[in-house]
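Below is one structure. I have some questions about it.
Please read these numbers as outputs of a predicted model, since none were measured by experiment. Quick note on labels: first sequence line is chain A, next is B, and so on, each numbered from 1.
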There are 2 protein chains.
Amino acid sequence: MMVKPKNSPICPITAALDVLGGKWKVFILSYLAEHGTLRFGELKRLIPKVTQKMLAQQLKELEEAGLVNRRVYAQVPPKVEYRLTAHGQTLCPVLRSLREWGYLHREKLGAEEVTCPEVSAEKLIAVE
Amino acid sequence: MMVKPKNSPICPITAALDVLGGKWKVFILSYLAEHGTLRFGELKRLIPKVTQKMLAQQLKELEEAGLVNRRVYAQVPPKVEYRLTAHGQTLCPVLRSLREWGYLHREKLGAEEVTCPEVSAEKLIAVE
DNA sequence: CTGAATCCCCTCCGATACTG
DNA sequence: CAGTATCGGAGGGGATTCAG
């Protein structure tokens, strides 16, 4: 009697991207995975280019998705901490995998960029 | 979009998202990882909601990023095949990881929908 | 069949200002 | 400190048409 999905069976990729697709969500999740618990301002500092508005919005969506937990301390000045939920923690392998690839990918880009920046063409001839 | 400042030490996440951030790129890469080689029309059929324009655009960007190889057959009607480059193949673990998580996440969503959505004790008390 | 080119709507998101 | 509210520009991306 499991009234299953009236909707179309969503593919796994879609299911994942629905939740992770935001412009800053992977950053947020990644930093939370790394640091465990972070305050709003700490996240803001870790992701300099995000605006307050977007950070708050993305955090809210992540919370609604059940990936992030929001804890408010009743004090002045306000203090709000964010951390991954148990379900959010299941993303850690994915985030590590992505970050690892990004690291290697960046290295490869760096290797390709060697062909130009500051060394004159003359000096490059010698190589290879 | 894929503008990368020359000499800034980009974090791995940024490096990864610069290349994968497009709306359809993960889908494309995932299907190519699964099928090995696909024609344009086959990709279009596998991702029904993408438009021709976006599919072509995203494929072009992936090609420029060095993740996808484009092979054109000189014949009429035209035939163009896409596949992952060697470097693109290094993404397979990431894609598998993501897809696996999406699958489990989707299951969890289904399970959660059975429960009462009225229960929202969002603030303060956060037990785990 | 594969793709480029146009038009154009509509969402996203940045800047700014305000609140508790 | 941690948000919310509002406005407005930029551009993502959809529909359509043209081309090889």
Practice problem: Quick one: do A:L43 and A:L59 satisfy side-chain contact (heavy atoms from CB on, under 4.5 Å)? Show the steps, please. | Solution: CA-CA 10 Å; A:L43 273 169; A:L59 279 168; 4.0 Å; yes

Quiz item: From the 5' end of DNA chain C to its 3' end, which nucleotides mark the outer limits of contact with chain A, defined by a 4.0 Å heavy-atom distance cut-off (strictly under)?
Solution: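 From 5' to 3', the first and last contacting nucleotides are C:dC13 to C:dG20.
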
Which pairs of donor and acceptor atoms, one on a side chain in residues 92-102 of chain B, lie under 3.5 Å apart (sequence neighbours left out)?
residue, atom, partner, partner atom, Å
B:R99, NH2, B:S30, OG, 2.7
B:R99, NH2, B:E34, OE1, 3.4
B:W101, NE1, A:T90, OG1, 2.8

Quiz item: Hey, quick one: are B:I28 and B:V80 part of the same hydrophobic cluster, counting side-chain heavy atoms closer than 4.5 Å, chains of contacts allowed?
Solution: yes

Quiz item: Side chains of A:L46 and A:H35: closer than 4.5 Å at any heavy-atom pair?
Solution: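 Touching, per the 4.5 Å side-chain cut-off.
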
Practice problem: Give, for atom CG of A:L29 and atom CG of A:L62, the distance between the pair rounded to the nearest 0.5 Å. | Solution: 5.0 Å

Quiz item: Who passes ring-ring contact (aromatic ring centres under 6.0 Å, His included) against B:F40, sequence neighbours left out?
Solution: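 ring-ring contact (aromatic ring centres under 6.0 Å, His included) check on B:F40 returns nothing, list empty.
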
Quiz item: Where do B:A15 and A:R106 come nearest, in terms of heavy atoms and distance?
Solution: CB-CB, 4.0 Å

Quiz item: Taking CD from B:Q58 and C1' from D:dG11, how many angstroms apart are they, rounded to a whole number?
Solution: 14 Å

Quiz item: Looking at DNA chain D, which of residues 66-79 of chain B put a heavy atom within less than 4.0 Å of it?
Solution: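 Output list: B:P78.
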
Self-check item: Interface residues of residues 39-55 of chain A with DNA chain C (non-hydrogen, below 4.0 angstrom)
Solution: A:T51, A:K53, A:M54

Quiz item: Hey, can you pull the residues of residues 14-36 of chain A with a non-hydrogen atom under 4.0 angstrom from DNA chain D?
Solution: none

Quiz prompt | Transitive ILVMFWY side-chain link A:I13 to B:Y103, under 4.5 Å | solution = no

Exercise. Take the C1' atoms of the five end pairs on each side of the helix from C:dC1-D:dG20 to C:dG20-D:dC1, derive the two axes, and give their angle rounded to 10 degrees.
Key: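 The angle, to the nearest 10 degrees, is 50°.
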
Could you pull out every donor-acceptor pair under 3.5 Å between side chains of residues 65-78 of chain B and any protein atom, sequence neighbours left out?
residue, atom, partner, partner atom, Å
B:R70, NE, B:Y82, OH, 3.2
B:Y73, OH, B:E81, OE1, 2.9

Exercise. Mind checking side chain to side chain donor-acceptor pair (under 3.5 Å) for B:H87 and listing every partner two or more places apart, or none if nothing turns up?
Key: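 Counting only residues at least two positions away or on another chain, B:H87 forms a side chain to side chain donor-acceptor pair (under 3.5 Å) with A:H105.
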
Self-check item: Sub-4.5 Å side-chain heavy-atom contact between A:I47 and A:W24
Solution: yes

Self-check item: ring-ring contact (aromatic ring centres under 6.0 Å, His included) partners for B:Y31, two or more places apart
Solution: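 For B:Y31 there are no ring-ring contact (aromatic ring centres under 6.0 Å, His included) partners, ignoring immediate neighbours.
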
Quiz item: For A:E61, which residues count as a side chain to side chain donor-acceptor pair (under 3.5 Å) partner, sequence neighbours excluded?
Solution: A:K25

Practice problem: Dump the intermediate steps for side-chain contact (heavy atoms from CB on, under 4.5 Å) on A:L84 and A:L91, then the final yes or no. | Solution: CA-CA 9 Å; A:L84 297 181; A:L91 264 172; 6.0 Å; no

Self-check item: Inter- and intrachain pairs under salt bridge (charged side-chain N to carboxylate O under 4.0 Å, His left out), touching residues 38-52 of chain A, at least two apart
Solution: none

